[in-house]
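Within every chain, numbering begins at 1; the chains are lettered A, B, ... in the order of the sequence lines, protein sequences first and strands thereafter. The analysis underlying the following values was restricted to heavy atoms, covering all of them including side chains, and did not include hydrogens, waters or symmetry mates. These numbers come from a predicted model, not from an experiment.
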Amino acid sequence: MPALYSARRAASTRRAALPLLLRFPSFSTDRAMIADCREHAMTNAESKQQSKPQTAITPTRADNYAEWYQQVVRAADLAENSPVRGCMVIKPWGYAIWEHMQRVLDGMFKATGHVNAYFPIFIPVSFLEKEAAHVDGFAKECAVVTHHRLTADKNGKLIPTGELEEPLVVRPTSETIIGASFAKWVESYRDLPLLINQWANVVRWEMRTRLFLRTAEFLWQEGHTAHATADEARVETMKMLDVYADFAENFMAMPVIKGQKTEGERFPGAVDTFCIEAMMQDRKALQAGTSHFLGQNFAKASDIKFLDQSGTLQHAWTTSWGVSTRLVGALIMTHSDDDGLVLPPKLAPAHVVIMPVLHKPETAQQVMDYCQSLAKELRGLTYAGVPVRVELDTRDIRGGDKVWGWIKKGVPIRVEVGPRDMEADSVFMGRRDKGHKEKSAVKRADFLASVTAILDEIQNSLFERAKAHRAQHTQKVETKDELVRYFTPKKAGSDNEPTEIHGGFALARFAMDAAAEAKLKDDLGVTVRCIPLEGSDDPGPCVLTGKPATKRVVFAKAY
RNA sequence: CGGGGUGUAGCUCAGCUUGGCUAGAGCGCUUGCUUCGGGAGCAAGAGGUCGCAGGUUCAAAUCCUGUCACCCCGACCA
């Protein structure tokens, strides 16, 4: 199918060609003429396209990364825009990915002693006001509920009435509302630690939105804990950061750098913010999870106090940590290719899709039975601690559409089973981490015996590939000039053209000078993504100021 | 929020500059036949408040004003 992008190119060719032709009176605006002209344009575009391998997604990543991302989301049927500005509808295939993320993470939270609870979506504005930095950080992007009733006017229009005494903010985060509960729940050191997690939706009224990456409403998980000592809270903060890194690398197959945020990038109200940062295929950084040591800031704001063993009343030490549906966006941008979504097996809604080839009616039933039994046996197997997830695609559509549909949806293993395979007692297998033509016949028994190992192999190959990509685009930078050069595209994007893919992670010494950091952001759009927790010690002159620095930090453009 | 762009069938778009027959194409969809290890071929058919609201006009997809949504570049932003 000559999809969107080539069609657009053809359109622009057409536009250029038309006026010339129309000058000749004999040609007039004849329909046939236009059609003819259109065909010419098409042929040109097509012949141009044939020089490149054809891909299921247009444009390709290299041609227009942002547009490619949107097309992958659509081709894989993950989500779509909703009638509500900035909000998305998460479709079943996209939501299934999130459900698997939730399942795995929830297990990890439980294993580290946390329990789930739920708190109100509405937060009185007075709560948000309690912590000064918090107010500054979130005030600009809050949705506010001011009325509690609708009244129909003469024309049947619904008008909000019944103004609330105190406006309610739709939660952008829950520190303050959970703090109010914690204050009631904590009296003694015996009540601590308090280890709570909440799965919820939050709203941040963003200016510019992108499916999964930044939407006005999104789904997330927020952990909130209270401890008797600063040390214990710090240990908790780091423990959950480790959980996130473990999840990112071992389930999402997405390599991450664990690090600390600079002052400028810190969570409003936190003492220290830690994060995991990943590199997307356009070499931009994406913050994939955060864990905050909140000190006693929120305990003081919410009055979370306890009597310690010596009978002294003191404020508790709290933490908070979260990951969101943004991870789905991270997953897409880490692994997907120009043929669509690529899913790491551990989070794929389906591990294996079986596609019966049912051309001959006389063998159709047999092939179906064969596939059914194969599906049943596969489901009896265990991969990564859960039953193998199998999709049996019996839809009566053309084979090619079926195959490409599943390629675009990113299913790790595809098997086609026709009469010939059945007779040979084998299946025809393709893997999403390899080319779509690299398919091979495998004996049914061998397939069953090796399928979980193959899934592991795919999981690992995706991780290795992502690591190699990051390594390829990470480099040490010693001077300001070099830094500027590294982050300056060769060809600047015009008003409507996206900027070319460039840069990456620059590891450079930084003296933690907030003003210099802010200026860099203004000039180049580059920020300090994090101060890596490991291997960042390397004394020398700061890349921005020349002042003595002790560490190398990660500079990058970011989502 | 500033600059630019786009909104016409399920999707991608043409038509708009210069207003004028019943608003078109490709893909998709439905039906039939052919084909069948593959992103099929032929034929017939269904499908459109031209984003929305005003205005100009004998006449508006086309011109004007407003408005909404989306995209790109910024600003903002865990």
Side-chain angles (χ1 to χ4, degrees), chain A residues 1-12 14-15 18-19 22 29 31 34-35 37-39 41-42 54 56 58 64-67 69-71 74-75 80-86 137-138 140-141 172-173 202 204-211 213-214 216 218 220 261 264-270 273-277 285-292 320-324 326 339 355-361 367 397-408 416-421 428 436-437 439 441 492-499 521-522 525 527 529-530 558-559:
Chain A
M1 187 182 81
L4 165 101
Y5 206 57
S6 58
R8 269 198 193 149
R9 277 198 184 140
S12 57
R14 222 171 298 159
R15 223 174 239 158
L18 264 176
L22 293 180
T29 51
R31 287 250 165 82
I34 294 171
C37 173
R38 184 174 297 161
E39 265 181 18
M42 275 298 189
Q54 196 159 10
T58 42
N64 185 342
Y65 192 83
E67 178 68 19
Y69 174 81
Q70 294 188 101
Q71 294 304 329
R74 191 160 67 150
E80 61 192 25
N81 280 311
S82 74
V84 186
R85 180 205 176 98
F138 287 106
K140 276 170 287 183
E141 51 183 17
T173 181
V202 284
R204 294 178 188 178
W205 214 257
E206 300 288 352
M207 297 287 183
R208 201 172 146 190
T209 60
R210 285 230 250 170
L211 292 176
L213 296 174
R214 174 168 287 120
F218 55 95
W220 80 349
K261 286 294 187 191
E265 299 273 321
R266 207 176 284 158
F267 174 76
T273 288
F274 298 88
C275 62
I276 51 172
E277 293 281 334
L286 187 135
Q287 177 178 295
T290 49
S291 186
H292 316 288
S320 69
W321 27 275
V323 297
S324 72
R326 186 180 225 205
D339 284 330
M355 292 169 277
V357 180
L358 306 165
H359 293 309
K360 300 186 182 105
V367 171
I397 58 169
R398 220 165 293 289
D401 293 344
K402 209 180 256 194
V403 171
W404 279 100
W406 291 111
I407 289 175
K408 288 186 275 195
E416 299 163 48
V417 181
R420 290 218 292 274
D421 304 299
F428 205 56
H436 61 85
K437 283 181 180 158
K439 295 189 274 194
S494 61
D495 275 358
N496 277 314
E497 295 285 308
T499 315
K521 188 177 175 184
D522 278 353
T527 49
R529 295 325 301 154
C530 70
Y559 276 95

Inset, instruction - Looking only at non-hydrogen atoms, find the nearest pair between Arg326(A) and Gln287(A) and report the distance. - result: NH1-O, 3.4 Å
Inset, instruction - Sticking with atom C1', work out how far U49(B) lies from C36(B), rounded to a whole angstrom. - result: 43 Å
Inset, instruction - Rounded off to whole Å, could you give me the CD-to-C1' distance for the Glu67(A) and U12(B) pair? - result: 11 Å
Legend entry - Separation of the C1' atoms in C77(B) and C68(B), to the nearest angstrom: 24 Å
Legend entry - Euclidean distance for C1', U8(B) against C16(B) (whole angstrom): 11 Å
Legend entry - side-chain N/O Arg74(A) vs C70(B) OP1/OP2, d < 4.0 Å: no
Inset, instruction - Please test Arg529(A) against Glu265(A) for side chain to side chain contact (heavy atoms under 4.5 Å, CB included), starting from the C-alpha separation and ending with a verdict. - result: CA-CA 8 Å; Arg529(A) 295 325 301 154; Glu265(A) 299 273 321; 3.3 Å; yes
Inset, instruction - Identify whether any heavy atom of Glu265(A) sits under 4.0 Å from a base atom; if not, whether one sits that close to sugar-phosphate; answer base, sugar-phosphate or nothing. - result: nothing
Inset, instruction - Measure across Gly418(A) and Asp421(A) and return the closest heavy-atom pair with its distance rounded to 0.1 Å. - result: N-OD2, 2.9 Å
Inset, instruction - Scan Lys437(A) against the nucleic acid and name what it touches under 4.0 Å (heavy atoms): base, sugar-phosphate only, or nothing. - result: nothing
Inset, instruction - Identify whether any heavy atom of His436(A) sits under 4.0 Å from a base atom; if not, whether one sits that close to sugar-phosphate; answer base, sugar-phosphate or nothing. - result: nothing
Legend entry - Separation of the P atoms in C11(B) and G48(B), to the nearest angstrom: 13 Å
Legend entry - Rounded C1' spacing from G45(B) to U6(B) in Å: 32 Å
Inset, instruction - Provide, to the nearest angstrom, the distance between the CH2 atom belonging to Trp404(A) and the C1' atom belonging to G39(B). - result: 8 Å
Legend entry - Where Lys408(A) and Ala75(A) come nearest, the two heavy atoms and their spacing: CD-CB, 3.8 Å
Inset, instruction - Determine the minimum heavy-atom distance between Thr173(A) and Trp220(A), stating which atoms define it. - result: OG1-CH2, 3.6 Å
Legend entry - Quiz item: Arg85(A) side-chain donor-acceptor pair to C68(B) base, under 3.5 Å: no
Inset, instruction - Indicate, with a heavy-atom threshold strictly under 4.0 Å, whether Arg266(A) touches base, sugar-phosphate, or nothing. - result: nothing
Inset, instruction - Provide the distance between the two C1' atoms, one in G15(B) and one in C58(B), to the nearest whole Å. - result: 23 Å
Inset, instruction - Quickly work out the Leu211(A) CG to C70(B) P distance and round it to whole Å. - result: 10 Å
Legend entry - Set of residues satisfying side-chain hydrogen bond (donor to acceptor under 3.5 Å, both in side chains) with respect to Ser324(A), sequence neighbours excluded: none
Inset, instruction - May I ask you to say what Gln287(A) touches in the nucleic acid, namely base, sugar-phosphate or nothing, with a heavy-atom cut-off under 4.0 Å? - result: base
Inset, instruction - Work out which heavy atom in Leu211(A) is nearest to a heavy atom in Tyr69(A); give both atom names and the distance. - result: O-OH, 2.7 Å
Legend entry - Pair Glu141(A)-Glu206(A), side chain to side chain contact (heavy atoms under 4.5 Å, CB included): steps then yes or no: CA-CA 6 Å; Glu141(A) 51 183 17; Glu206(A) 300 288 352; 3.5 Å; yes
Legend entry - Whole angstrom value for the distance that separates P of A75(B) from CD of Glu141(A): 16 Å
Legend entry - Phosphate OP1/OP2 of C73(B) contacted by Arg208(A) side-chain N/O (<4.0 Å): yes
Legend entry - Set of residues satisfying ring-ring contact (aromatic ring centres under 6.0 Å, His included) with respect to Trp205(A), sequence neighbours excluded: none
Inset, instruction - Let me have RNA chain B in dot-bracket notation, would you? Count Watson-Crick plus G-U wobble pairs, both distances under 3.5 Å, and use [ ] for pairs crossing earlier ones and | for inter-strand partners. - result: (((((((..((((......[...)))).((((((.....)))))).....(((((..]....))))))))))))....
Please produce a list of atom pairs where a protein N or O lies less than 3.5 Å from an N or O of nucleotides 42-49 of chain B.
none

Legend entry - Rounded distance in Å - CZ (Arg210(A)) to C1' (C70(B)): 13 Å
Legend entry - Atom-to-atom span, CD of Glu206(A) to P of A69(B) - whole angstrom: 16 Å
Inset, instruction - Have a look at Gly264(A) and say if it touches a base, only the backbone sugar-phosphate, or nothing, with a 4.0 Å heavy-atom cut-off. - result: nothing
Inset, instruction - For C64(B) and G4(B), measure between their P atoms and round to the nearest Å. - result: 16 Å
Inset, instruction - Take Val84(A) and Phe138(A), find for each the nucleotide of RNA chain B with the closest heavy atom, and name the residue whose nucleotide sits nearer the 5' end. - result: Val84(A)
Inset, instruction - Select base, sugar-phosphate, or nothing to describe what Ala66(A) touches, counting heavy atoms under 4.0 Å on all strands. - result: sugar-phosphate
Legend entry - Nearest-angstrom distance, C1' atom, G39(B) to C76(B): 43 Å
Inset, instruction - Mind checking side-chain hydrogen bond (donor to acceptor under 3.5 Å, both in side chains) for Lys140(A) and listing every partner two or more places apart, or none if nothing turns up? - result: none
Inset, instruction - Report the C-alpha separation of Arg204(A) and Phe138(A) in whole Å, then their side-chain angles, then the decisive distance to 0.1 Å, and conclude whether the side chain to side chain contact (heavy atoms under 4.5 Å, CB included) test is met. - result: CA-CA 8 Å; Arg204(A) 294 178 188 178; Phe138(A) 287 106; 3.6 Å; yes
Inset, instruction - Whole angstrom is fine here: how far is it from CD in Gln71(A) over to P in C71(B)? - result: 12 Å
Inset, instruction - Would you kindly give the CG-to-C1' distance between Asn64(A) and C71(B), to the nearest whole Å? - result: 10 Å
Legend entry - Arg208(A) CZ to Leu213(A) CG distance, which is reported to the nearest 0.5 Å: 11.0 Å
Distances under 3.5 Å between nitrogen or oxygen atoms of protein and nucleotides 29-37 of chain B:
{"from": "C36(B)", "atom 1": "O2'", "to": "His359(A)", "atom 2": "ND1", "distance (Å)": "3.3"}
{"from": "C36(B)", "atom 1": "O2'", "to": "His359(A)", "atom 2": "NE2", "distance (Å)": "3.1"}
{"from": "C36(B)", "atom 1": "O2", "to": "His359(A)", "atom 2": "ND1", "distance (Å)": "2.8"}
{"from": "G37(B)", "atom 1": "N7", "to": "Arg420(A)", "atom 2": "NH1", "distance (Å)": "3.3"}
{"from": "G37(B)", "atom 1": "O6", "to": "Pro419(A)", "atom 2": "N", "distance (Å)": "3.4"}
{"from": "G37(B)", "atom 1": "O6", "to": "Arg420(A)", "atom 2": "N", "distance (Å)": "2.7"}
{"from": "G37(B)", "atom 1": "O6", "to": "Asp421(A)", "atom 2": "N", "distance (Å)": "3.4"}
{"from": "G37(B)", "atom 1": "N1", "to": "Asp421(A)", "atom 2": "OD2", "distance (Å)": "2.3"}
{"from": "G37(B)", "atom 1": "N2", "to": "Asp421(A)", "atom 2": "OD2", "distance (Å)": "2.6"}

Legend entry - Where Pro419(A) and Val367(A) come nearest, the two heavy atoms and their spacing: N-CG2, 3.8 Å
Inset, instruction - Calculate, to the nearest 0.5 Å, the distance between atoms CE and CH2 belonging to Met355(A) and Trp406(A) respectively. - result: 8.5 Å
